[in-house]
*Asks:* 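Attaching a single structure in structure tokens format; questions to follow.
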Amino acid sequence: MSSERIAIFLQDAQLAQTLKHTTLLPAGYTVQQVEDRLTLEAMLRAQPPDLIILGDLLHDGPGGPQVSGIELGESLLKLNPGVAILMIASQDSPALTLAAYRSGFSDFIALPEAPAHFDELLQAVRRAIQRRKRLLDWMRLEVRRSTQSLKKQVESLEALQKIGRAVSSSLDLDNVLTRVVEAAVELTGAEEGSLLLLDEDSGELYMRASRNFHEDFVQTFRIPTSDTLAGDALRTGRPVILGEKTPKKIKTAYLVRHLMYVPLLVAERPIGVLGVDNRRSDRPFTDYHLTLMKALADYAAIAIENASLFDRTEVERAKLETILTRIKDGVIVVDKTRRLLLINQTAQEAFGIHGATLANKPIADVFQNADLLEILNSDCNQEPFRSEISLEDGRVFNAQATPIPELGLVVTMQDITHLKELDQIKSDFVSTVSHDLRSPLTAILGYVELIQRVGSVNAQQKEFIHRVEASVQNITALINDLLDLGRIEAGFDSRKEIVPLLAIIQFTVDGYLNRVKDKDLSLDLDLPSELPPVLGNPVRLRQMMANLMGNAIKYTPSGGRIAIRARSEGGQIIIQVSDNGPGIPASDQPYIFDKFYRASNVEGDTPGTGLGLAIVKSIIENHQGRIWVDSSPGLGTTFTIVLPVTDQEL
Ligand code: ADP
């Protein structure tokens, strides 16, 4: 027995009742008589009937407003488009019939006289229910079909996503390419798949990865790019699709029915092709397969490009590593947080450290050498600078530190032990010769002075004697400077005492007052009433002040201004000697503390040996202090000295 459900809503409840009992129930339908719109809507939401029979005019509930059956039917169809509606009108009206069909009702029937037309009605009911059933079956089928196709698409997308992840996370090219070919075969349902790459040397295509091909075939597979389908795809950069009823060996190395080749493009340049084929099955490849193959080919191209970039980077890295390892200079690189990034063999040997686990360690855990640690701890934003590193075994390295703001600090070191030894030999020689020259020079000076005392000399002879005296005095000054420098460098002045620096400055200034006046210079003194004492050699500290002040007076033209300032700050004494003289060209500034260096600003007849600042620097270093120069050509020069204060009492 049929169990279809019918809802019936007519203005004439009596007619509805009659229809139900005389026709519908006997035909096996389950019938529910409805008297208002709300009940109908609730039915549609909960469990839609197979058919709704509506009158053309209705009372919405007993005594309720009158509604049109067409309007009610339309709103019900909006609620559930799958429901079948049969309209029963009290009279035949072409306009009403048209409106019912236009609104999507299943059928329209005029019932002017009941029950003569009840048979006709039953047939209409059967038709409508049948039609709805077919419609629902078709819809179910369609839904299943599109669900399946969606499922397939989701699977394809998941497969593509997996390959994408493999491409970006794996550097194993063989593995990635094999997965691409496998995915191509699976997603297109093909029998075989291959990835062919161009061999640049021979101009042929070889099989780089494959699925379902015999291993021997893969090994020996080589085809030219001309006159082959794969070659066509490669040369044109466009996909090639073949579909044949019978297997053909058209421009391929083997018999196929269906085949698809998609080019692999790297920066628009084809480097190979991805292919799938069916030899036995007659299943053709579709546009959707082509879209998938293109995506897979892109992944393969990216993987190949990544691998080649990685290879190139690796080669460069290996080259750099070889250079760094083999180079005879020591190289140390630290990052901004003072962790070791790199140390080459030479540097490892110099500092007696070994091991592959040094990278990323804090420098304090790796090195003990104080000179090196001081360099490595310097400010990464400052200018490149040079320094020396003394090793325990007596070797000396020249270290060039280059701060690299984004990275940290790079230190390169060259062994200058040999140069240092030569320098020492030279200094020893100079000091011996200077020493040996001093006595004969004193004798010359003595005898020259005696000449005038032992007899009369004419004016010209007097002039010559004067010149000899001046020259001998110059040589004596040079020799004294050399001897001083030798002594200071050799550390013969190591005996230190508490020195009142203020008195020393004052004493030096007093000694120069006459020269300041003679040259018509103005002198600014900015000295505090007290300065803490320093531990040092008073003679050398006076020499330091005298050399600096002497230079300021010597190089500043008449009418100029010189200034001496001193202050104590944070356990240090800072002394500045300034002038508004010619200044020192920037290119000369790094060298003015070298022995015998005279800058390009010195006029030819300015007396001097080029040793004064070398002596000053040696003295300051012997006192654990620092000196630097700030100078602008045309504006003047300032030398700044920093000396540590001693905590010992005067
Ligand atoms: P010198 O005997 O030539 O003065 P120094 O070692 O004292 O030798 O100075 C080295 C060079 O530095 C000088 O030759 C000069 O070019 C430059 N110099 C030193 N002090 C001054 C200064 N106050 N003003 C300008 N140039 C200076």
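For the single chain, residues carry numbers from 1 onward in sequence order. As the structure lists them, so they are numbered: ligands from 1, and atoms in each ligand from 1.
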*Asks:* For F639, take its heavy atoms, then give the atoms of ligand 1 lying under 4.0 Å from any of them.
*Replies:* 20 (N)

*Asks:* List the closest protein heavy-atom neighbour of atom 3 (O) of ligand 1: residue, atom name, distance to the nearest 0.1 Å.
*Replies:* R598 NE, 2.5 Å

*Asks:* Students should be able to answer this: which protein heavy-atom is nearest to atom 8 (O) of ligand 1, and at what distance?
*Replies:* G610 CA, 3.2 Å

*Asks:* Just to verify, what does R453 make a side chain to side chain donor-acceptor pair (under 3.5 Å) with, not counting sequence neighbours?
*Replies:* none

*Asks:* Checking contacts here: is it the side chain or the backbone of F593 that comes within 4.0 Å of ligand 1, counting heavy atoms only? Could be both or neither.
*Replies:* neither

*Asks:* Go through ligand 1 atom by atom and flag the ones less than 4.0 Å from a non-hydrogen atom of N601.
*Replies:* 15 (C), 16 (O), 25 (C), 26 (N)

*Asks:* At under 4.0 Å between heavy atoms, is it the side chain or the backbone of D579 that contacts ligand 1, or both, or neither?
*Replies:* side chain

*Asks:* Would you please test S308 and R312 for side chain to side chain donor-acceptor pair (under 3.5 Å) and show each step?
*Replies:* CA-CA 6 Å; S308 109; R312 263 181 274 156; 3.1 Å; yes

*Asks:* Quick one: does ligand 1 sit under 4.0 Å from the side chain of N547, the backbone, both or neither, non-hydrogen atoms only?
*Replies:* neither

*Asks:* Test N580 against every option in I562, T556, L521 by the side-chain contact (heavy atoms from CB on, under 4.5 Å) rule and name the one that passes.
*Replies:* T556

*Asks:* Would you say ligand 1 has an N or O under 3.5 Å from any N or O of G583?
*Replies:* no

*Asks:* How close do P528 and L502 get, heavy atom to heavy atom, and via which atoms?
*Replies:* O-CD2, 3.4 Å

*Asks:* In sequence, state the C-alpha distance, the side-chain angles, and the governing distance for R540 and D484, and then conclude on salt bridge (charged side-chain N to carboxylate O under 4.0 Å, His left out).
*Replies:* CA-CA 9 Å; R540 293 297 174 215; D484 277 349; 3.5 Å; yes

*Asks:* Does a donor on one side chain and an acceptor on the other come within less than 3.5 Å for S434 and R438?
*Replies:* no

*Asks:* For atom 20 (N) of ligand 1, find the nearest protein heavy atom and state the residue, atom name and distance (0.1 Å precision).
*Replies:* N551 ND2, 3.4 Å

*Asks:* Any atoms of ligand 1 less than 4.0 Å from a non-hydrogen atom of G612? List them with their elements.
*Replies:* 5 (P), 6 (O), 7 (O)

*Asks:* With the threshold set at under 4.0 angstrom, would you say G581 reaches ligand 1 through any of its heavy atoms?
*Replies:* no

*Asks:* So if I count the atoms of ligand 1 from 1 in the order they appear, which ones are less than 4.0 Å from some heavy atom of Y597?
*Replies:* 10 (C), 11 (C)

*Asks:* Would you give the length of the straight line joining atom CD of Q506 to atom CG of L527, rounded to the nearest 0.5 angstrom?
*Replies:* 6.0 Å

*Asks:* Who's the nearest protein heavy-atom neighbour of atom 4 (O) of ligand 1, and how far?
*Replies:* Y555 OH, 2.6 Å

*Asks:* Please identify which atoms of ligand 1 are closer than 4.0 Å to at least one heavy atom of K554.
*Replies:* 1 (P), 2 (O), 4 (O)

*Asks:* Check this for me, if you would: do R515 and D518 make a salt bridge, where the nitrogen-to-carboxylate-oxygen distance has to be below 4.0 angstrom?
*Replies:* no

*Asks:* Atom CD in Q461, atom NE2 in H466: separation rounded to 0.5 Å?
*Replies:* 15.5 Å

*Asks:* Starting from atom 12 (O) of ligand 1, what is the nearest protein heavy atom, named by residue and atom, and what distance separates them?
*Replies:* I592 CG2, 3.6 Å

*Asks:* Under 4.0 Å from a heavy atom of G608: which atoms of ligand 1 are those, numbered in the order shown and with their elements?
*Replies:* 2 (O)

*Asks:* Is there a polar contact, in the sense of an N or O pair closer than 3.5 Å, between P582 and ligand 1?
*Replies:* no

*Asks:* Looking at A399 and V411, what are the two nearest heavy atoms and their distance?
*Replies:* CB-CG1, 4.1 Å

*Asks:* Quick one: which ligand 1 atoms are inside 4.0 Å of a heavy atom on V602?
*Replies:* 13 (C), 14 (O), 15 (C), 16 (O)

*Asks:* Which residue in the set N601, D579, T637, T638 passes side chain to side chain donor-acceptor pair (under 3.5 Å) when paired with S631?
*Replies:* T637

*Asks:* Should one rank L613, T606, I553, T637 by closest heavy-atom distance to atom 5 (P) of ligand 1, which comes out on top?
*Replies:* L613

*Asks:* Which bit of I584 is near ligand 1, meaning a heavy atom under 4.0 Å away: side chain, backbone, both or neither?
*Replies:* side chain

*Asks:* Just wondering, are more than 12 heavy atoms of other shown residues or ligands nearer than 6.0 Å to CD in Q368?
*Replies:* no

